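First the structure, in the form of C-alpha cells, and then the observations on it.
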Amino acid sequence: MKYNYTDIEKKWQQIWDDNKTFAAKNDYTLPKFYGLVEFPYPSGQGLHVGHPRSYTAIDIVARKKRLQGFNVLYPMGWDAFGLPTENFAIKNHIHPAEVTKMNVANFKRQLKSLGFSFDWDREVNTTDPDYYKWTQWIFLQLYKKGLAYKSQMAVNWCTSCKCVLANEEVVNGVCERCGSEVVQKEKSQWMLKITDYAEKLLDGLEDVDFIERVKTQQRNWIGRSYGTLVDFGTTSGDKFQVFTTRADTLFGATYTVLSPEHPLLDKWADEIENYDEVLAYKQEAAKKSDFERTELAKDKTGVMLKGIKAVNPVNNTEIPIFISDYVLISYGTGAIMAVPAHDTRDWDFAKKFDLPIIEVVAGGNVHEEAFTDCNTGVMVNSDFLNGLSVEDAKVKIQEWLKEKCLGERKTNYKLRDWVFSRQRYWGEPIPMVYCEKCGYVPLNESDLPLTLPNVDSYEPTDNGESPLAKIDEWVNTTCPCCGAPAKRETDTMPQWAGSSWYFLRYCDPNNKDALASKEALEYWGPVDWYNGGMEHTTLHLLYSRFWHLFLYDIGVVPNKEPYAKRTSHGMILGENGEKMSKSRGNVVNPDEIIRDYGADTMRVYEMFIGDFEKAAPWSQSSIKGSKRFLDKVFSLADILVDGDSYRAEIESEIHKTIKKVTDDIETLKMNTAIAALMSLLNTISATGSINRAEFKTFITLLNPFAPHMTEELWEVAGFDGMLNAAEWPQYEEAKCVDAAVEIAVQVNGKIRARINVAADIDAAGAISLAKADSAVAAEIEGKTVIKELYVPKRLVNIVVK
RNA sequence: GCGGGUGUGGCGGAAUUGGCAGACGCGCUAGCCUUAGGAGCUAGUGUCACCGAUGUGCAGGUUCAAGUCCUGUCACCCGCACCA
C-alpha cells in the first residue's frame, strides 16, 4: 500500500473537525487532564517550526491521556493584541482587527494541518471584547484592592516603539521586542503592585512541579534577601536608614553612600559645602540610563559630602557620606553603609578614595582583598560582638539595635512593581476615568467591556501620549462617580494582560456572567501540565501566577497556583546551528514540510530531533529518517496476518516497548519513545509478518505521534470504531523480561566473553558457566581467583591475581 | 562576579542511575536492484600499528567495575548582574 499522506491527513482532519472528536466533555465526574501550551501571537509570518515542538509534545500527552480514559482539555487561542499587528496595520492601512483576523485564520489553518487535538470549541482571542471585558474586570479588582495605582516615575521608554516597557521587557538595555535603544523617561503610569506578592510568588514555588531552572530563575528574579534596616544619625541632625545584610559588620562601617537621587540631598542643599559638585554629579548620573550605570560597573565614581557627616549608631563615630551611582535609589533605602573590609564593592571604593579599612571578621587579609566569607570568620574589633561567629553576631546585633530602637529586621526584594501602561492603540483600554473633582475613578463593572474606538488613525505620537488621546469623542466622557465631564485613561494594557488569565477562560469560554463558572474552575483547575518557552519565565509565567494568586485571594479561583506542572522546550535552530531568522535566511516553513513529508512525519521528526529540553538544529536530511520510518509502518498493512495474541518470540519486546513508550511520554522523552518503536518495527519486520494483535498495539502506541496514518491503518485493518476512542495498550511487568539473556564475562574488569544464560540463573550457576567458556578459562589459567561477582542479567566479573 | 546547565563517533543523540559505551536515526562505504531518481533492499561503519589494545573535554582519586561517584581544572551555552 502506498502511503499517501496528503489525502490521509486531509481526510482525518475533516473527520475530527466534523465530529468534534477532541472536544472536552462537560461531565465533571470524569477524571480530568488539563494540558496547556502557550497560545501564540498570530504574527504575519505564520507558524514557526518552533511552535509545533511544544504543541506536538503536549498533544501527544493529551492524546495518550484520552486513550487512558481521561476527560482531556487541550485548548488553543490567540494572544492577539500587540505591536507588530499595529505596526503592520499602520503601514498597510488595514485596521488591526482585520490584520488579526487574517493572521488568526492563517495560524488556525496551519495548526489544523498539523493534526493537533485542540478543542476548537473553546478557542479564545484576547482582542475579543467578550474576552477583554474580563481582563478589564480583573484590573478593576486589582484597583479596588489597592494593587493598581498611578505613579509618576522614570520608566523605560523604547525609542522605536514609542512606548513604555516593563523592566522584564528590557534586555541588555534594549527593547526585548525590537532591539532599539531604551531610555529613561519621566511619566505617569499605571502600576501593578506585584511586589506585594513577592513572598507568595516565592512560597508558591515550593508546592508546584516546575522544572528546576524555571524555579531558580523566578527566585533570582524576585531576589529575596533578609537583612536589617539601621538608622544612621548625621551631624545635621537628620537621620537616614540603610539596608544591610551584614549588620554584624557594623563596627567596620567606615563611610556611608547615598544614591544620587536620595531626597536628603535636596534638604541639605544649604549645609553641603560642595553642593555644586554634588549637583553636577547628580546631573551626570541622571543622564545615564540604569543600564549604563550598571554597565560601567568597574570604575566607581562618587563625591564626598563636605560639611555633613554620618554617625555610626554602634559607636557614635563620625564617618563620611558619599554619593555614588552604584547605590540605586530603587533598591533598599537608597543608602548603604560601607564596610570595605568585608564587601568587595566597598573595598574597591575605599581603595580609590583612600578610606580606612577596619577588619571586624578575622580570617582574611583585608588589606589585600575584602574578606566576605560568612561561615568561618570570628568577630573582632567589635566591642560586644567580639569572639562571636558571624551567624551569632547577626542575631545579637539585631537584638541590640531593636532594643535601642536603632534598627529592625527587613526583607527586601529585587522585584519591582509592574509598569502596566502602554501608549499604543492595539491593547485593552484601561477602564479608568479622570475627573477633576474625584481624581481617577474606575468604570462601573456593568459598563464593561470598555471597547476600543473604531478609528482610522492610530499612529504613535512622539510626545509620549497614546494614539487614543487624539480621539476626543472617545476620551471625553462623564465621571462615573459625580457625573461631571471627565476624561478616559488613554493608555492601554500591555500584551501580558490578556495572557495572564487566558487558561481560566478555556474552562468556560462563553460565560457571560463571570470569567468562568465556579464549577468549571473547580473541575479543570489547576492546569495539570503547562509547557512553554524559557523566555517567558520572568514575564508571562510570573505575571500569570501573580494574577492567579490574587484571584485566589479574592475568592474567584479555587486554587492558589495556576499550574501544577511546568516544563520547557528547547529552541529549534536553523540548519547552521544559529537561531532561525529571516535575516539569517535559515527559516524553515512548516507548510513546505507538511507538503513534502506530511504532518505525521513533521510531528515524529520534531519529537525525534533530540532532548526535548535542549536546543536542536533542524536537519533536512534527518527528517527523511522519520519519513522512512512511517513509510515502513504503513507497509505493515501489507504483511498483516491473523492472530489475537502476541507471538512468543516477540512478546517480551512488545511489553517492554509498551512500558517504555508509556513512561517516556510522561517524562517528555519522546526521542527515546520513538527509538523504541523503531526498534520494535525492525524486530517485527525481520519476522516477515505482523499479526492483528501486534498491529493493534503498535499503531495505538504510535497514534499520539502520528495520529493521521495510524487512524487510517486502524480503519484499513477493520478494527472497531476509531483509534482515537480506543484503549491505550497495557503491559505486564512479568512479561517484560526474556527467559534467556546474554551476559558479559569480565576477567579483572575486561570483557573476555559473552554467554547466554537463563534470566533467573543464580550467581553460582552463572559463574560456573562463565568459567567454562574457553576464552575465560585461558585467561584465569594458573591464577588465583580473589573475587567473583554476578550482576543479574548483566555480567560476571572474575578477579584474579 | 553570582546562579543554572552542558561537554559522549563525521552529525542529532542513547545508556535501566555504578554493571557489555555509542541504542535509535542521519550521513558515509560496498554490493544488489533499477538503463542515472535526492527511490528501495542487503551488509558494514568510534579510533588505532586491526592479533589485540584503546576510547565519554582535561588531570588525579574511590571501586572488582566509572560517561555515571569524589577532588581539581578547562571550554561552551543560558539567566542575573554594583541588589548592599
Side-chain angles (χ1 to χ4, degrees), chain A residues 171-172 211-221 223-225 227-228 242-247 249 256-257 259 291 293-300 324-328 330-339 343-346 348-349 412-416 534-535 537-538 570-571 577 604-605 608-611 613-626 628-629 631-632 635 656 659-660 663 669 671-682 736 742-751 753-754 786-800:
Chain A
V171 177
N172 293 332
I211 50 169
E212 208 48 45
R213 56 198 174 120
V214 168
K215 286 192 183 187
T216 311
Q217 216 167 297
Q218 288 208 343
R219 283 195 193 109
N220 289 346
W221 187 260
R224 174 164 59 193
S225 65
T228 315
V242 303
F243 174 74
T244 177
T245 54
R246 294 295 305 273
T249 62
T256 63
V257 188
S259 152
F291 181 69
R293 271 169 71 162
T294 54
E295 256 278 272
L296 310 158
K298 299 284 174 286
D299 195 26
K300 294 198 171 24
S324 173
D325 62 7
Y326 85 90
V327 175
L328 309 171
S330 50
Y331 183 79
T333 60
I336 62 157
M337 67 176 205
V339 184
D343 181 287
T344 40
R345 288 157 307 169
D346 298 345
D348 292 343
F349 194 87
N412 260 335
Y413 300 92
K414 289 188 206 172
L415 187 70
R416 310 288 160 78
M534 279 308 286
E535 70 277 15
T537 302
T538 53
M571 262 197 296
V604 168
Y605 172 63
F608 190 62
I609 195 167
D611 185 330
E613 290 210 357
K614 284 195 218 140
W618 185 268
S619 163
Q620 205 62 34
S621 59
S622 278
I623 195 167
K624 285 184 209 150
S626 300
R628 261 175 228 159
F629 168 59
D631 281 338
K632 282 184 209 159
S635 59
K656 274 190 273 191
K659 181 176 160 67
K660 178 89 180 141
D663 294 349
K669 293 166 94 175
N671 52 340
T672 50
I674 292 168
L677 287 167
M678 287 172 167
S679 289
L680 179 58
L681 173 70
N682 291 343
C736 290
E742 188 191 69
I743 63 166
V745 181
Q746 302 180 331
V747 177
N748 286 346
K750 294 216 165 89
I751 291 161
R754 290 173 216 276
I786 298 170
K787 204 173 196 176
E788 296 168 325
L789 298 112
Y790 172 59
V791 182
K793 293 182 223 168
R794 305 251 169 258
L795 56 73
V796 166
N797 190 8
I798 299 166
V799 185
V800 295

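Here is the naming used below: chain letters follow the sequence lines, and residue numbers restart at 1 for every chain. Owing to the predicted nature of the structure, the values given are computational and were not obtained by experimental measurement.
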Taking syn as a glycosidic torsion within 90° of 0 and anything else as anti, which one is [N]?
N	answer
B:rC50	syn
B:rG9	syn
B:rU17	syn

Name the closest nucleotide to the [X] side chain, picking from [options].
X	options	answer
A:Thr216	B:rA84, B:rG3, B:rA81	B:rG3
A:Val791	B:rA84, B:rU6, B:rG19	B:rG19
A:Val327	B:rG25, B:rC82, B:rA84	B:rA84
A:Phe608	B:rC24, B:rA14, B:rC80	B:rC24
A:Pro617	B:rC82, B:rG19, B:rG12	B:rG12
A:Leu328	B:rU6, B:rA84, B:rG79	B:rA84
A:Arg213	B:rG4, B:rG13, B:rA84	B:rG4
A:Thr672	B:rA84, B:rC24, B:rA23	B:rA23
A:Ser621	B:rG27, B:rG25, B:rG13	B:rG27

What interatomic distance, in whole Å, is found between [atom1] of [M] and the corresponding atom of [N]?
N	M	atom1	value
B:rC76	B:rA53	C1'	32 Å
B:rU73	B:rA84	C1'	33 Å
B:rC11	B:rG46	C1'	13 Å
B:rG18	B:rG67	C1'	11 Å
B:rG40	B:rC51	P	35 Å
B:rA15	B:rA65	C1'	16 Å
B:rU62	B:rC69	C1'	8 Å
B:rU56	B:rU68	C1'	10 Å

Counting only side-chain nitrogens and oxygens, does [X] get under 4.0 Å of the OP1 or OP2 atom of [N]?
X	N	result
A:Tyr331	B:rA84	yes
A:Arg628	B:rG27	yes
A:Asn671	B:rA14	yes
A:Asn797	B:rU63	no
A:Ser225	B:rA84	yes
A:Lys632	B:rA39	no

Using a heavy-atom cut-off of 4.0 Å across all strands, would you classify [X] as base, sugar-phosphate, or nothing?
X	answer
A:Asp346	nothing
A:Lys793	nothing
A:Lys669	sugar-phosphate
A:Glu788	nothing
A:Leu789	base
A:Leu795	base
A:Ala335	nothing
A:Asn412	nothing

Query raised in the report: Is any N or O donor-acceptor pair between the side chain of A:Lys414 and the base of B:rC80 shorter than 3.5 Å?
Result: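 No, the side chain and the base share no sub-3.5 Å donor-acceptor pair.
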Measure from [atom1] on [X] to [atom2] on [N] and round the result to the nearest Å.
X	N	atom1	atom2	result
A:Tyr413	B:rC80	OH	C1'	18 Å
A:Glu212	B:rG4	CD	C1'	10 Å
A:Met678	B:rG12	CE	P	17 Å
A:Asn748	B:rA53	CG	C1'	16 Å
A:Lys215	B:rG79	NZ	P	22 Å
A:Asp348	B:rA81	CG	P	20 Å
A:Leu677	B:rA23	CG	P	18 Å
A:Met571	B:rC78	CE	C1'	9 Å

Query raised in the report: What closest approach, in Å, do A:Thr538 and A:Gln217 show between heavy atoms, and which atom pair accounts for it?
Result: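 Answer, listing the atom of A:Thr538 first, then A:Gln217: CG2-O, 3.9 Å.
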Query raised in the report: Do you know the tightest heavy-atom contact between A:Ile336 and A:Val327?
Result: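 Minimum heavy-atom separation between A:Ile336 and A:Val327: CG1-CG2, 3.7 Å.
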Whom does [N] pair with, Watson-Crick or G-U wobble, provided both distances fall under 3.5 Å?
N	result
B:rU29	B:rA43
B:rC80	B:rG1
B:rU56	none
B:rC50	none
B:rC24	B:rG12
B:rA65	none

Query - 5'-most by nearest nucleotide on RNA chain B - A:Gly749 or A:Met337 - result: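 In this pair, the answer is A:Gly749.
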Query raised in the report: Closer to the 5' end of RNA chain B via nearest nucleotide, is it A:Ala744 or A:Leu415?
Result: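 So the residue in question is A:Ala744.
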**Report entry** More than 12 heavy atoms from other groups under 6.0 Å of NZ on A:Lys215
**Finding:**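 Yes - once you tally the heavy atoms of other residues, nucleotides and ligands closer than 6.0 Å, there are more than 12.
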Any [X] side-chain heavy atom under 4.5 Å of [Y] side chain:
X	Y	value
A:Met678	A:Phe608	yes
A:Asn797	A:Glu788	no
A:Tyr331	A:Tyr413	no
A:Arg246	A:Val339	no

Requested in this report: Under the side chain to side chain contact (heavy atoms under 4.5 Å, CB included) rule, what do A:Leu789 and A:Val796 come out as? Steps first, then yes or no, please.
Outcome: CA-CA 6 Å; A:Leu789 298 112; A:Val796 166; over 6 Å; no
**Report entry** Lys/Arg cation over aromatic A:Tyr326: A:Lys300, 6.0 Å, 45° cone
**Finding:**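 Verdict for A:Tyr326: a cation-pi partner in A:Lys300.
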**Report entry** Nearest-0.5 Å distance, NZ of residue A:Lys669 to CG of residue A:Asp611
**Finding:**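 Spacing of NZ (A:Lys669) from CG (A:Asp611) equals 9.0 Å.
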